[in-house]
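Heads up: numbering here begins at 1 and tracks the sequence.
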Amino acid sequence: MPERNRRSTPDTSSSISAAKGKDTPEPKNGVMSSTVKGEQHTPTLAELRHTAAHVLAYAVQDLFPEAKPTIGPAIENGFYYDFDRAEPFTPHDLERLETRMKEIIAADYPMLGMKVSRERAVDCFKDNPYKVEIASEIPPDEPITLYTIGEFTDLCRGGHATSTADIGAVKLMNVAGAYWRGDEHRPMLQRIYGTAWPTQAELDAYLVFLEEAAKRDHRKLGQELDLFSVEEEAGGGLVFWHPKGAVLREIVESFIREGLRERGYQPVNTPHIFAEKIFEISGHLENFAEGMYGPLEVEQLRFRLKPMNCPGHILIYKSHAHSYRELPIRYSEFGTVYRFERSGTLHGLNRVRGFTQDDAHLFCTPEQLQGEFEQTLDEALRLMRAFAFSDFEYFLSTREPHLRVETDSVAEDAIRAALEKFDLPYAVDEGGGAFYGPKLDVNLHDAIGRKWQLGTVQVDFMLPQRFDLKYRGADGADHRPVMIHRALAGSLERFFGVLIEHFAGNFPAWLAPIQVVIAPVSEHQIEYARQVEQTLRKQGFRVEVDESNEKLGYKIRHWKTQKVPYILVVGKNETAAGTVNVNERGSAESRPPLSVADFAKELRERIEEKR
Ligand SMILES: [Zn+2]
Ligand SMILES: [Zn+2]
């Protein structure tokens, strides 16, 4: 029997099987095992985790026979399985299930597959309307397969470990509600999440990682450090920046502006709503309608909240004629856009409905593309290094073959040449480009190794055509400019979510909303503390005095939880000598008192070095 093809992403228990799977060899006699006898099959992580989903469904069948299994795919870091059951699964139920799963794993059941007719599959699951629905929807040219471990058979398209014993370690994580097929008009199911690994050591390491990630959760830190909030009564996915968060944002925006100014960008500002017809011309209504909010009507004119800044910048370009001598023209804006996201998908700062991009649109000639890419890469590197990210990945995405036009290779060559000039290794994602042109994506890894996609630079031949953009060439004739869309931090909201988690809230001094807190030992030193505060403020530092009646120990503990880089303690001796006692974040070292001038010098150096 042929070994079934391994897929990098084995499917759910058959629900999406219609989409792919033509590569699966037909079994000759209808019975299959996951591997050829005697052949060692090392499952991929996804296969292992999807197998664990089967094991979970087996355990549920044994302990809660009334629950109806639906689908159970592998996901990033684990798997889930959705069940229809009236009574909620409790934490105690999960413990029992986990114990049963471990027995099933230890029993070393081989994963046995069998090809069946549609009638047989429907009959087999006649008490389970979900499986019947799945079986009925598998296209006639696709094989229908059942997979069995021990006493449990599931409808599934395959992509498994050879045996349950391949699962080295498993843990059930939590239960959440999920609609059948993500449709809020269909039944609400219970989704049990779990994780599975080849070894216990890998599971343990993953749990440590999760703990660390939870400590860094930007939603939790955002509240503790009073940076931002999402006010549910104002609607989900809309971010309110509190004073400290706004200070942080202002610092980052100034840093980005500085880089743009040096590189010849011109700031512009465009409205948040415009007439709907602009989005008709741009193609957004045609291609992006689901991400847009409905129209607002005023004086018989329909308006839309902008989902992207491009049309606004194009209108500025179009407002007068341009000569080739002016190109490249680079318009930049911290542009706030609004996009519809389902309420169930909203997540802190990562997934929101209104966000601000460090957006810019460049209008240039095809010959200028490479230079613009080099400049953009240079700026992207400056930005990411400033925020202490050091591990980047670059992806050049080309357009799908049927969309390719002649100019695509000009753009791709320009991107390649720029990457090679900076000696940056990159991967090519064939066909992964935007529908209007090739693009370059930059991914980065944060302090605990998580990968984030932030910046993107896209070449666009389409919008200049749709808006009939021109410049007068050296030959006296009109030519079409090429557009580059680029956002390097991407969504500032998301970028701040990443920053908060990357630094675990311990912002380096140049970013910290409060850089220094002065803590007088008693009320007698408040006056001196205020003088020090004034001296430092005059030099541009962000300083506060803790004038509360709390004991010194309490004050220090409090400001430590606020992750302030420096706490300056001033008592009788410091007041007399005109010094401060420096308590530095993350350092237990006791230092001799410093003069205010020396402390200011130290802080200035740290800020300049972006530490
Ligand atoms: Zn399966
Ligand atoms: Zn754009």
Side-chain angles (χ1 to χ4, degrees), residues 10-15 33-35 41-85 87-113 125 128 130-131 146-178 189-210:
D11 232 11
T12 69
S13 295
S14 68
S15 73
S33 77
S34 279
T35 184
H41 168 77
T42 307
T44 63
L45 261 184
E47 287 171 337
L48 184 129
R49 287 167 177 165
H50 171 59
T51 304
H54 279 259
V55 173
L56 167 60
Y58 188 173
V60 169
Q61 172 191 272
D62 285 359
L63 301 180
F64 306 97
E66 77 284 7
K68 291 186 169 55
T70 67
I71 59 163
I75 51 172
E76 195 187 2
N77 297 322
F79 61 90
Y80 68 74
Y81 209 118
D82 287 350
F83 299 93
D84 183 4
R85 179 177 180 243
E87 230 168 283
F89 287 108
T90 63
H92 178 62
D93 293 341
L94 292 197
E95 274 170 39
R96 291 178 57 208
L97 284 168
E98 204 177 288
T99 306
R100 178 68 192 120
M101 284 176 79
K102 286 175 182 162
E103 290 166 8
I104 295 166
I105 290 167
D108 195 6
Y109 293 119
M111 178 65 84
L112 297 170
F125 293 98
N128 182 330
Y130 305 97
K131 294 285 181 190
L146 303 183
Y147 279 88
T148 302
I149 42 172
E151 298 290 312
F152 174 73
T153 297
D154 207 347
L155 175 68
C156 181
R157 68 188 292 265
H160 300 114
T162 316
S163 156
T164 57
D166 287 344
I167 303 166
V170 70
K171 182 167 174 60
L172 294 182
M173 308 300 288
N174 60 309
V175 189
L189 308 170
Q190 294 186 66
R191 176 168 296 177
I192 301 181
Y193 284 99
T195 188
W197 297 84
T199 64
Q200 185 65 39
E202 282 161 287
L203 171 61
D204 291 344
Y206 175 64
L207 296 177
V208 169
F209 163 83
L210 280 187

Verify, without hydrogens or angle tests, whether Q61 (side chain) and E151 (backbone) share a donor-acceptor contact under 3.5 angstrom. yes
Run the side chain to side chain contact (heavy atoms under 4.5 Å, CB included) test on Y130 and L189 for me, step by step, so that the C-alpha distance in whole Å, both residues' side-chain angles and the decisive distance to 0.1 Å come before the verdict. CA-CA 11 Å; Y130 305 97; L189 308 170; 3.7 Å; yes
Under the criterion side chain to side chain contact (heavy atoms under 4.5 Å, CB included), I'd like the reasoning laid out for D204 against K171: C-alpha separation, chi angles, the key distance, then a yes or no. CA-CA 10 Å; D204 291 344; K171 182 167 174 60; over 6 Å; no
What are the two closest non-hydrogen atoms of D166 and A161, and how far apart are they? OD2-CB, 3.4 Å
Rounded to the nearest 0.5 Å, how far does OG1 of T99 lie from CG of L63? 9.0 Å
Quick one: does E47's side chain get under 4.5 Å of T162's, heavy atoms only? no
State, to 0.1 Å, how close K131 and P69 come at their nearest heavy-atom pair, and which atoms those are. CE-O, 3.6 Å
For R49 versus A74, what's the shortest heavy-atom pair and its separation? CB-CB, 4.0 Å
Angle class for the H160/H54 ring planes (parallel below 30°, perpendicular above 60°, tilted otherwise)? perpendicular
What's the shortest heavy-atom distance between L94 and N174, and which atoms? CD1-CA, 4.0 Å
Is the backbone of T70 close enough, under 3.5 Å, to the side chain of D84 for a donor and an acceptor to pair up by distance? no
As a quick check of understanding, evaluate side chain to side chain contact (heavy atoms under 4.5 Å, CB included) for E95 and E98, giving each step before the final call. CA-CA 5 Å; E95 274 170 39; E98 204 177 288; 5.8 Å; no
What do the steps show when you test L155 against F125 for side chain to side chain contact (heavy atoms under 4.5 Å, CB included), and what is the final call? CA-CA 9 Å; L155 175 68; F125 293 98; 3.7 Å; yes
Please answer whether the main-chain N or O of R85 pairs with a side-chain N or O of Q190 as donor and acceptor at a distance below 3.5 Å. yes
Is a side-chain donor or acceptor of H50 paired with a backbone partner of G72 at a separation under 3.5 angstrom? yes
Applying ring pair (Phe, Tyr, Trp, His ring centres under 6.0 Å), can you list everything that pairs with F209, at least two apart in sequence or on another chain? none
I need the Y58 OH to T153 OG1 distance, nearest 0.5 Å. 9.5 Å
Residue pair F79 / L56: nearest heavy atoms and the distance that separates them: CE1-CD2, 3.9 Å
Any F89 side-chain heavy atom under 4.5 Å of V60 side chain: yes
Any sub-3.5 Å donor-acceptor pair from D93's side-chain atoms to T90's backbone N or O? yes
At what distance, to the nearest 0.5 angstrom, does CG of D108 lie from OG1 of T164? 5.5 Å
So, for F64 and F83, is the gap between ring centers shorter than 6.0 Å? no
Could you measure the distance from the CD1 atom of I104 to the CG atom of L97? Nearest 0.5 Å is fine. 9.0 Å
Mind listing the side-chain donor-acceptor pairs of residues 192-199 below 3.5 Å, one per line with the distance, residues two or more places apart or on another chain?
from: T195; atom 1: OG1; to: N77; atom 2: O; distance (Å): 2.5
from: T195; atom 1: OG1; to: W197; atom 2: NE1; distance (Å): 2.9
from: T199; atom 1: OG1; to: E202; atom 2: N; distance (Å): 3.1
from: T199; atom 1: OG1; to: E202; atom 2: OE1; distance (Å): 2.6

Write down the atom of A52, the atom of M101, and the distance for their closest heavy-atom approach. O-CE, 3.5 Å
